[in-house]
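What follows is a short report on a single structure.
Both counts, for ligands and for their atoms, begin at 1 and track the order of listing.
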Amino acid sequence: MEKILVKNSLQLRGTVRISGAKNAALPILAAAILGTEDIILEDVPELKDVEIMTEVLKSLGSDVKKIGKNKLIINSKNLNSYVTKYELMSKMRASFLVMGPLLGRLGKTVNSLPGGCNIGSRPIDLHLKGFEALGAVIENNVGDITATAEELIGNKLYLDFPSVGATENIIMAAVLAKGETVIENAAMEPEIVDLANFLRKMGANITGAGTSSIKIKGVAELKGCTHQIIPDRIEAGTFMVAAAITGGDVLVENVISSHMKPIIAKLKETGCDVIEDDENESIRVIGKDVLKAISIKTLPYPGFPTDMQAQFLALMTQLHGNNVAIETVFENRFMHADELNRMNADISVEGKEAIVSGPKRLKGTKVRATDLRAGAALILAGLVAEGDTEISDIYHIDRGYEDIESKFRNLGARIERVDRD
Ligand code: UD1
């Protein structure tokens, strides 16, 4: 079985280029099925999740071809199915992002309940409520959700929580609907803005993306376009933490610093130097020998991202004092705390709150990536641990990090993929 082996690697140094954002690429790939003309996507990260979304599109009748490094061409003229197979849905939760576009394009979609990262119960009620508000009829037959609409009609709707996926799915269902849709309490993540920018290039009429109120005026059809995916703010954040935890000096390139505000603020609070260079779209992080304890609380954007909580928990094990991490977005997203404790961290979790006492001398051992970002946290911990850290279940890591070992190795990290039981 493939594992990632990390050895103590203090002071990472050098430059790392960030890939396109997984969480922007996935909805944009799904949205490509809304049109019948060629779509060219650039900076598409080579990831397991992107591969699965490509398979989903192909299974629906879309033609998807790789035309260069990180470049895809998609044509969905011959879209001929509205059923997403269980085998694909169970591999990746985000496969449900094709529901909105299928409903918009074909008036029907059948999907199994989603699988994916094991981070608490993740319902899709808000997606379905949104489709219903646009006139779809929802049926739930033993795990298969069917949504049908002879005609989607724009409506005003309010999300009980600013869900990223629900906001995206509803936008994608509404772009070809009749009339105007307004989503209140919409998610404001940069990936939503990227999706809206992409759809606008296709001819959609969307305003307000990036605010909590998004307005979509339905159009009759969408055309082809070329679009470059935005940089991955979570990958960027992971390498920024790598610089901090190892006391290194890393220049992170291809990053939009306005997307990184909570990460920059919290790293500065620890005492790291963080130098933003907007002109060159880069951020340099310089770690220090002694860093101060901090508190974080995950929130929807522009708050601290839940997808950076695990990596910060790893960092907190090296900060001087008592750190607090509060997780408000997902239930049960502290599974990495037990793994970090196996490495001699001192983390106690009670409900939504984790207290991390630092600094602790971490010790390498066998650990398991319980989800994607947990896997990244274990790599970060392994960089500063004494001895070897052997991480299993690394398929989670491959879902969301492109070339992770070579990017870390280029910064001086001692990390390799090994095949062992
Ligand atoms: C997306 C990201 C994921 C990130 C998350 C929060 C993608 C592919 N994934 O996931 O990496 O961690 O945003 O930033 O973009 N909820 C409901 N009902 C719903 C939908 C969501 O109760 O119908 C709840 C969830 O259980 C969770 C919270 O809302 O507690 C946030 O989920 P959501 O924003 O929908 O996350 P995803 O879109 O699944």
Would you mind running through ligand 1 and noting each atom that sits below 4.0 Å from a heavy atom of Gly165? 35 (O), 38 (O)
Below 4.0 Å from ligand 1: does a non-hydrogen atom of Glu191 turn up there or not? no
Quick one about Asp144 and Thr146 (side-chain donor to acceptor, distance below 3.5 Å, no hydrogens or angles considered), yes or no? no
Here the pair of heavy atoms bringing Tyr301 nearest to Ser258 is OH-O, 3.3 Å
Measure the shortest side-chain to side-chain distance between Tyr401 and Thr238 over non-hydrogen atoms and say whether it is less than 4.5 angstrom. yes
Taking atom 26 (O) of ligand 1 as the point of reference, which of Pro123, Gly400, Ala25 owns the nearest heavy atom? Pro123
Using a 4.0 Å cutoff against the non-hydrogen atoms of Thr306, which atoms of ligand 1 qualify? 6 (C), 12 (O), 14 (O)
Ligand-residue contact atoms, ligand 1 with Asp307, heavy atoms, under 4.0 Å: 3 (C), 4 (C), 11 (O), 12 (O)
List ligand 1 atoms under 4.0 Å from Phe330, heavy atoms only on the residue side. 5 (C), 6 (C), 12 (O), 27 (C), 30 (O), 32 (O), 36 (O)
Does an N or O anywhere in Glu168 fall below 3.5 Å from an N or O of ligand 1? no
In this structure, does ligand 1 have an atom that sits under 4.0 Å from one of the heavy atoms of Arg333? yes
Are any of the side-chain heavy atoms of Asp160 and Asn185 separated by less than 4.5 Å? no
Taking 4.0 angstrom as the limit, do Glu235 and Lys407 come out as a salt bridge? yes
Give the numbers and elements of all ligand 1 atoms closer than 4.0 Å to a heavy atom of Val164. 1 (C), 13 (O), 33 (P), 34 (O), 35 (O), 38 (O)
Can you list the residues that meet the ring-ring contact (aromatic ring centres under 6.0 Å, His included) rule with His336, with sequence neighbours excluded? none
Using a strict 4.0 Å cut-off to heavy atoms of Ile124, name the atoms of ligand 1 that fall inside it. 19 (C), 23 (O)
Quick check on Ala166 - does any of its heavy atoms sit under 4.0 Å from an atom of ligand 1? no
Do NZ/NE/NH1/NH2 and the carboxylate oxygens of Asp403 and Arg17 come within less than 4.0 Å? no
Under the ring-ring contact (aromatic ring centres under 6.0 Å, His included) test, residues paired with His259 that sit two or more places apart: none
Which option, Leu97, Leu195, Asn23, owns the non-hydrogen atom nearest atom 7 (C) of ligand 1? Asn23
Quick test of your reading of the model: are Lys266 and Glu269 salt-bridged, counting only N-O distances below 4.0 Å? yes
Identify whether the distance between the nearest side-chain nitrogen and carboxylate oxygen of Arg417 and Glu2 falls below 4.0 Å. yes
Can you sort out which atoms of ligand 1 are near Arg93, meaning under 4.0 Å from one of its heavy atoms? 39 (O)
If I apply the N/O under 3.5 Å rule, does Lys22 come out as touching ligand 1? no
Val329 neighbourhood, listing ligand 1 atoms whose heavy-atom distance to it stays under 4.0 Å: 27 (C), 28 (C), 30 (O), 31 (C)
Is any N or O atom of Leu126, backbone or side chain, closer than 3.5 Å to an N or O atom of ligand 1? yes
